[in-house]
Every structure is written in C-alpha cells, then in structure tokens.
Amino acid sequence: MRKSFKIAIFSCVLLTIFLILFPNIILDIFGVTGINNIIVGEEAIRIFSLSFIGTSITFLMLFYTQAIQKKNSFLS
C-alpha cells in the first residue's frame, strides 16, 4: 500500500507540474484555435490539473477497500 501510494502521488505530482507549465501542448493535441479559446483553455487545464493528486488518493483508497473486502461498521 505504501509503495502504491508513493507511486500514485509521485506520478500525479509530475503530471500536475507538466500540465501547469505546458497546457498549450494539450490544446495543440486537440486542435484548439483562437486566442480566446487558448486563454480560457490554458487556465482550465491548470485548474483541472490540481485535482489529480486528490483523485489519485481517492481511487487508491477505493481500490484498496474493495480488495480487502472489509465492511466499515458505520455503513452496516
């Protein structure tokens, strides 16, 4: 679990840094044109990239709880 947690956090931090620094690459891949679309798209990608770390922790914990198949007492 610790190794998975470290890998997930490390990869998401790298992806977040990459997307914050270079959002125009993603926009080029999807063929976004127009100065207004590029400005809004860059900001949207930067904001969205901040959610990757929290999402990775959430999914990791979800898969972990499914794997151990232990029911929580407050849900029962």
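Only heavy atoms go into these numbers, but all of them, side chains included; no hydrogens, no water, no symmetry mates.
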Going by the rule side chain to side chain contact (heavy atoms under 4.5 Å, CB included), which residues pair with [X] if we only count those two or more places apart in sequence or in a different chain?
X     : answer
Phe18 : Phe22, Ile25
Ile53 : Ile9, Cys12, Val13, Thr16, Ile57
Thr55 : Ser51, Phe59

Gap separating the OG atom of Ser4 from the CZ atom of Phe63, nearest 0.5 angstrom:
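If I round to the nearest 0.5 Å, the distance is 11.5 Å.
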
Note: Thr65 and Leu62 closest approach over all heavy atoms is OG1-O, 2.9 Å

Name every donor-acceptor pair, under 3.5 Å, that has one atom in a side chain of residues 26-37 and the other anywhere in the protein, sequence neighbours excluded.
{"residue": "Asn37", "atom": "ND2", "partner": "Thr33", "partner atom": "O", "Å": "3.1"}

Shared hydrophobic cluster, Ile17 / Leu15 (ILVMFWY, side-chain heavy atoms < 4.5 Å)
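Yes; Leu15 is reachable from Ile17 via cluster members.
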
Who are the ring-ring contact (aromatic ring centres under 6.0 Å, His included) partners of Phe5, not counting sequence neighbours?
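Residues passing ring-ring contact (aromatic ring centres under 6.0 Å, His included) with Phe5: none at all.
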
Would you tabulate the side-chain donor-acceptor contacts of residues 39-49 under 3.5 Å, counting partners in other chains and residues two or more places apart, or write 'none'?
{"residue": "Glu43", "atom": "OE2", "partner": "Arg46", "partner atom": "NH1", "Å": "3.3"}
{"residue": "Arg46", "atom": "NE", "partner": "Ile20", "partner atom": "O", "Å": "2.9"}
{"residue": "Ser49", "atom": "OG", "partner": "Ile45", "partner atom": "O", "Å": "3.4"}
{"residue": "Ser49", "atom": "OG", "partner": "Arg46", "partner atom": "O", "Å": "2.8"}

